[in-house]
A.B. asks: 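One structure is given below, represented as structure tokens, and several questions about it will come after.
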Amino acid sequence: MHNARLSSLVAFLMLALWQVAPIQAQTDETQVYKIKYTSTNEDILHFKGIGELSDKEKAGFYNLVVDSALSEHANDAAVLAVKAGILCDMYDLLACKGIEERLRYRRTNLERLLVARPRVIDAGLDAYHKGYYGRAMDCFDLYLSCPQTTLFEHLNTANDSYYGQCAFYASQASYQAKDYDAANRFLAVALSDPEYAQEAAELKIAIIKESCTTKEDTLQYIEALDELHVKFPTNSYFFGQLMEYYTQPGHEQELKRFVREEIKLDTQDKQKWALYGEVEMSDRKWDKAIEGFKKALAFDPDFVQVMYNCGICYVSKGQETKERKWYEEGRNLLEQCRTKDPGRDIVDWSKPLYQAYVRLGEKSKAKDLAKHFKLK
């Protein structure tokens, strides 16, 4: 009697619920998505008549929902199947069935739902790419929380190659939804996955940055950013964010300290040597600046900006020492700039080269340059 009533009830509900979407589809496609994927299909899990059923009937009902959902190929059907399977197992326990019967049902459901479970991630990605971030979070969270249920309690997340990836996807969806608390909760998992740790750290820093409202918040942000930069020294994002902060007005001394420390930690980066040269150049420490620029040029002989700065340093040193050799060094580098950048698209080498010619007494070269570029 109960089984007949249950089967007819499920059949009626499933038929009604699966048929709602096509009717709505003719009017509002966005509303259809919300009804079909975030409300209608999963409404069957909580229909009003569920309270009239016994725990055993509820378990049987949810098992039939699993059967029906798994007959569909859509990723969202896998979400419904996993949710129904978890409820089925929960009511199986409440129904106080014999342990052998209970384990038999659990084993059957577990085997088929383990196959369907990765599609829950796909459902989350489907929603994410459509901009339904709340739905995406729900799907990713379902996948991640499975080991906390009785049905999936024997899953070992350490052996799950998708676990860290899913946690990172969940953090991205939460970030897009502006739910930073949820994002940080998911990031705690993603940060422990070596494959996603750096990307997760980048997102964590972005959240901290967006949450800054006071000077103390900003200092904590820079401290966290600096720690991550030390942990991931080759990550250009962390370095770039630090440079963005230090190059703001009022942080000149901090920038100098930062760049000078950086060059001690990494001597193989041309950009850092170039920055080191600029920092020393701004303090009129010509020898140290020239050293930095030469290091950068050793990695990239065609680095025109560095070639130009180095030339300026030599000419400036010549002006201070009155020694001809420094003007000659500066002239040579600036002439190389002229060869590599004849249109002055990268740097304007014409004026300092003109000054070098004048200081060296190379009058004809100075005159030709002045005439060509209208210099005085």
Side-chain angles (χ1 to χ4, degrees), residues 128 133 136-137 140 144 163-283 285 288-289 292-293 295-296 299-300 303 305-306 309:
Y128 183 89
Y133 303 120
M137 287 168 61
F140 297 138
L144 294 168
Y163 205 74
Q165 180 183 38
C166 185
F168 179 62
Y169 290 160
S171 64
Q172 286 184 308
S174 304
Y175 175 74
Q176 293 295 340
K178 304 298 182 185
D179 188 343
Y180 295 154
D181 288 339
N184 282 318
R185 177 165 57 86
F186 294 126
L187 282 171
V189 177
L191 283 166
S192 63
D193 187 310
E195 188 173 349
Y196 290 92
Q198 286 201 52
E199 291 178 273
E202 289 177 15
L203 185 57
K204 187 173 183 66
I205 281 296
I207 292 172
I208 295 173
K209 183 179 181 181
E210 290 187 20
S211 303
C212 287
T213 55
T214 66
K215 183 178 180 180
E216 288 71 23
D217 290 339
T218 301
L219 291 176
Q220 289 178 1
Y221 159 68
I222 293 302
E223 184 179 345
L225 190 57
D226 194 54
E227 288 177 3
L228 287 169
H229 175 55
V230 172
K231 185 176 181 180
F232 303 108
T234 60
N235 186 299
S236 60
Y237 176 78
F238 300 134
F239 179 77
Q241 290 297 303
L242 284 168
M243 287 301 299
E244 179 184 293
Y245 173 76
Y246 287 131
T247 52
Q248 293 176 9
H251 297 285
E252 292 80 8
Q253 295 306 313
E254 292 172 277
L255 173 63
K256 290 173 183 178
R257 284 195 298 270
F258 174 69
V259 172
R260 286 166 180 159
E261 284 300 314
E262 276 298 297
I263 214 63
K264 294 177 185 177
L265 298 172
D266 183 4
T267 61
Q268 303 299 308
D269 189 318
K270 69 174 185 179
Q271 295 290 354
K272 291 180 181 179
W273 278 116
L275 283 169
Y276 174 79
E278 289 181 20
V279 163
E280 301 299 344
M281 185 179 179
S282 67
D283 278 351
K285 295 180 179 178
K288 287 187 176 182
F293 293 138
K295 294 278 190 180
F299 289 108
D300 183 0
F303 203 155
Q305 296 97 324
V306 168
N309 283 339

A.B. asks: Heavy-atom distance under 4.5 Å between the side chains of S282 and K256, does that happen here?
C.D. replies: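 In short, these two side chains touch, coming nearer than 4.5 Å.
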A.B. asks: Residues in side chain to side chain donor-acceptor pair (under 3.5 Å) with Y133, at least two apart?
C.D. replies: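 Scan of Y133 (side chain to side chain donor-acceptor pair (under 3.5 Å), adjacent residues dropped) gives none.
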A.B. asks: Over all heavy atoms of both residues, which pair between S211 and D217 is shortest? Give the atoms and the distance, please.
C.D. replies: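 In this case the closest contact between S211 and D217 is O-OD2, 4.0 Å.
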A.B. asks: I'd like to know if the side chain of D283 and the backbone of K285 have a donor-acceptor N/O pair within less than 3.5 Å.
C.D. replies: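 A pair under 3.5 Å: no.
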A.B. asks: Flag the pair F299 / W273 as yes when at least one side-chain heavy-atom distance between them is below 4.5 Å, and no otherwise.
C.D. replies: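 They are in side-chain contact.
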A.B. asks: Which heavy atom in D193 sits nearest to a heavy atom in G164, and how many Å separate them?
C.D. replies: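 It is OD2-CA, 3.3 Å.
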A.B. asks: Taking E252 for its side chain and G250 for its backbone only, find out whether a donor-acceptor pair lies under 3.5 Å.
C.D. replies: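 Yes; judged by distance alone, with no hydrogens or angles, the pair exists.
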A.B. asks: Return the set of residues passing ring pair (Phe, Tyr, Trp, His ring centres under 6.0 Å) with Y196 (not counting sequence neighbours), or none when no residue passes.
C.D. replies: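 Partners of Y196 by the ring pair (Phe, Tyr, Trp, His ring centres under 6.0 Å) criterion, ordered by chain and then number, come out as F168.
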A.B. asks: Please give me the minimum heavy-atom distance between L144 and Y163, naming the atom from each residue.
C.D. replies: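 In this case the closest contact between L144 and Y163 is O-OH, 2.7 Å.
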A.B. asks: Do the side chains of D226 and F238 get nearer than 4.5 Å, heavy atoms only?
C.D. replies: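 Sidechains of D226 and F238: no contact.
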A.B. asks: Nearest 0.5 Å, please: how far is CD1 in I222 from CD1 in I205?
C.D. replies: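 So the gap between those two atoms works out to 8.5 Å.
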A.B. asks: To the nearest 0.5 Å, what is the distance between CD1 on I207 and SG on C212?
C.D. replies: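 These two atoms lie 12.0 Å from each other.
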A.B. asks: Side chains of R257 and Q253: does their closest heavy-atom pair fall under 4.5 Å?
C.D. replies: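 When only atoms from C-beta onward are counted, Q253 and R257 do touch, with a gap below 4.5 Å.
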A.B. asks: Do other residues, nucleotides or ligands put more than 12 heavy atoms under 6.0 Å from K272 NZ?
C.D. replies: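 Counting other residues, nucleotides and ligands, NZ of K272 exceeds 12 neighbours.
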A.B. asks: Could you check if a side-chain atom of M281 sits within less than 4.5 angstrom of a side-chain atom of F293, using non-hydrogen atoms only?
C.D. replies: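 In short, these two side chains touch, coming nearer than 4.5 Å.
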A.B. asks: If you measure from OH on Y175 to NZ on K204, what distance do you get to the nearest 0.5 Å?
C.D. replies: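 Spacing of OH (Y175) from NZ (K204) equals 13.5 Å.
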A.B. asks: Which pair of heavy atoms, one from M137 and one from A182, lies closest together, and at what distance?
C.D. replies: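 Smallest interatomic distance, heavy atoms only, reads CE-CB, 4.0 Å.
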A.B. asks: I'd like to check the side chain to side chain donor-acceptor pair (under 3.5 Å) partners of Y276; sequence neighbours left out, ordered by chain and number.
C.D. replies: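 For Y276, no residue satisfies side chain to side chain donor-acceptor pair (under 3.5 Å) once neighbours in sequence are set aside.
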A.B. asks: Show the nearest heavy-atom pair for residues A167 and F186, with the distance to one decimal.
C.D. replies: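 What the structure gives for the nearest pair is O-CB, 3.4 Å.
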A.B. asks: Please name all residues satisfying side chain to side chain donor-acceptor pair (under 3.5 Å) with D181, sequence neighbours left out, ordered by chain then number.
C.D. replies: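 D181 satisfies side chain to side chain donor-acceptor pair (under 3.5 Å) with no residue once adjacent residues are dropped.
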A.B. asks: Looking at E195 and E199, what are the two nearest heavy atoms and their distance?
C.D. replies: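 That would be O-OE1, 4.1 Å.
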A.B. asks: Has K178 got its NZ or CZ under 6.0 Å from the middle of the six-membered ring of Y180, at an angle within 45 degrees of the ring axis?
C.D. replies: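 Not satisfied by the 6.0 Å and 45° rule.
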A.B. asks: Show your working on side chain to side chain contact (heavy atoms under 4.5 Å, CB included) between H229 and E262 and close with a plain yes or no.
C.D. replies: CA-CA 10 Å; H229 175 55; E262 276 298 297; 2.8 Å; yes
A.B. asks: Applying side chain to side chain donor-acceptor pair (under 3.5 Å), can you list everything that pairs with E254, at least two apart in sequence or on another chain?
C.D. replies: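 By the side chain to side chain donor-acceptor pair (under 3.5 Å) rule, E254 matches H251.
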A.B. asks: Looking at side-chain heavy atoms only, is the closest gap between Q220 and I208 below 4.5 Å?
C.D. replies: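 Counting from C-beta outward, Q220 and I208 never come under 4.5 Å.
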A.B. asks: Can you tell me if T218 uses its side chain to pair, donor with acceptor, with the backbone of T214 under 3.5 Å?
C.D. replies: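 Answer holds: yes.
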A.B. asks: Counting C-beta onward and ignoring hydrogens, is there a side-chain heavy-atom pair between L275 and M243 closer than 4.5 Å?
C.D. replies: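 Answer yes - side chains close enough.
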A.B. asks: Could you state the interatomic distance from CG (L191) to CG (L187), rounded to the nearest 0.5 Å?
C.D. replies: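 One finds 5.5 Å between CG of L191 and CG of L187.
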A.B. asks: Answer yes or no: is there a side-chain heavy-atom contact under 4.5 Å between D300 and V306?
C.D. replies: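 They are not in side-chain contact.
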A.B. asks: Can you run down the side chain to side chain donor-acceptor pair (under 3.5 Å) pairs that involve residues 234-244, sequence neighbours left out, and say none if there aren't any?
C.D. replies: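 Those involving residues 234-244 are Q198-N235, E202-N235, K209-Q241, K209-E244, Y221-Q241.
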